[in-house]
Amino acid sequence: MAEDTIFGKIIRGEIPCDKVYEDDRYFAFYDINPAAPTHVLVIPKKPIPKVSDAEEADEALLGGLVLCANKVARQLGITEGGYRMVINCGKAANQEVFHLHLHLLGGRDFTWPPG
Ligand code: AMP
């Protein structure tokens with residue numbers, strides 16, 4: 001069983017957030033420390049700690065996560081300008097919260113390679 005995290009508390013409404021989307025499988029809210037004019041975290045309600053912990057049975061959930069982020073991007077009006085999706089996994093990627101989340105970043109131009 002995955003450890004509870006601050007994102008688990010946000011999903012359950014125990015900690016406030018600026019919510020932008022919710023359905024039965026996903027939840028999305030603005031990042032508290034935005035790295036772009038639009039910076040939303042899209043998370044599955046299922047508490048998978050890291051993307052590397054995902055299993056075969058999570059295939060549809062992970063695909064749905066990307067489609068959900070696309071839906072949120074349309075909702076927030078960043079589709080035409082373009083956006084970046086980021087999933088940090090583990091130490092080298094500086095993952096801070098161990099509840100799988102997809103960063104949806106938009107509203108500015110991005111460089112490559114990322115820092
Ligand atoms: P990561 O480094 O990929 O684990 O990203 C964690 C993200 O969660 C960071 O961008 C934080 O700014 C963000 N974050 C942490 N606590 C909160 C919170 N209470 N509400 C919204 N975003 C948060």
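Here the structure is a predicted model, which is why all the values come from computation and not from measurement.
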Go through the steps to decide whether Lys71 and Val66 satisfy the test side chain to side chain contact (heavy atoms under 4.5 Å, CB included), and finish with yes or no. CA-CA 9 Å; Lys71 188 186 290 187; Val66 172; over 6 Å; no

If you compare all heavy atoms of [X] against all heavy atoms of [Y], which two are closest, and at what distance to 0.1 Å?
| X | Y | result |
| --- | --- | --- |
| Tyr26 | Ala60 | OH-O, 4.0 Å |
| Leu105 | Ala36 | CD2-CB, 4.0 Å |
| Gly107 | Pro37 | O-CG, 3.3 Å |

Measure the [atom1]-[atom2] distance between [X] and [Y] for me, rounded to the nearest 0.5 Å.
| X | Y | atom1 | atom2 | answer |
| --- | --- | --- | --- | --- |
| Asn88 | Lys50 | CG | NZ | 13.0 Å |
| Glu96 | Asn33 | CD | CG | 8.5 Å |
| Cys17 | Asp31 | SG | CG | 11.5 Å |
| Arg74 | Tyr83 | CZ | OH | 7.0 Å |
| Glu55 | Leu62 | CD | CG | 10.5 Å |
| Asp53 | Cys89 | CG | SG | 7.5 Å |

Polar side-chain atom of [X] near backbone of [Y] as donor-acceptor pair, under 3.5 Å:
| X | Y | answer |
| --- | --- | --- |
| Gln95 | Pro49 | yes |
| Asp58 | Leu61 | no |
| Glu22 | Ala28 | no |
| Arg108 | Ala35 | yes |

Please check if [X] and [Y] belong to a single hydrophobic cluster, counting links between Ile, Leu, Val, Met, Phe, Trp and Tyr side chain heavy atoms closer than 4.5 Å.
| X | Y | value |
| --- | --- | --- |
| Ile6 | Ile11 | yes |
| Ile10 | Tyr21 | no |
| Leu104 | Val51 | yes |
| Leu41 | Tyr30 | no |
| Val20 | Ile78 | yes |

Residue pair Leu100, Ile43: steps toward the side chain to side chain contact (heavy atoms under 4.5 Å, CB included) verdict: CA-CA 6 Å; Leu100 171 61; Ile43 69 181; over 6 Å; no

Would you say that more than 12 heavy atoms from the other residues, nucleotides or ligands in this model lie under 6.0 Å from the NZ of Lys45, or not?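 Atom NZ in Lys45 is packed in, count exceeds 12.
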
Considering residues, nucleotides and ligands other than Glu59, do more than 12 of their heavy atoms fall under 6.0 Å from its CD? no

Thinking salt bridges, do Arg84 and Asp109 make one under a 4.0 Å N-O criterion? no

Taking the six-membered ring for Trp, are the ring centroids of His101 and His99 within less than 6.0 Å of each other? no

Do Phe29 and Phe7 have ring centres separated by under 6.0 Å?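 Ring centres of Phe7 and Phe29 closer than 6.0 Å.
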
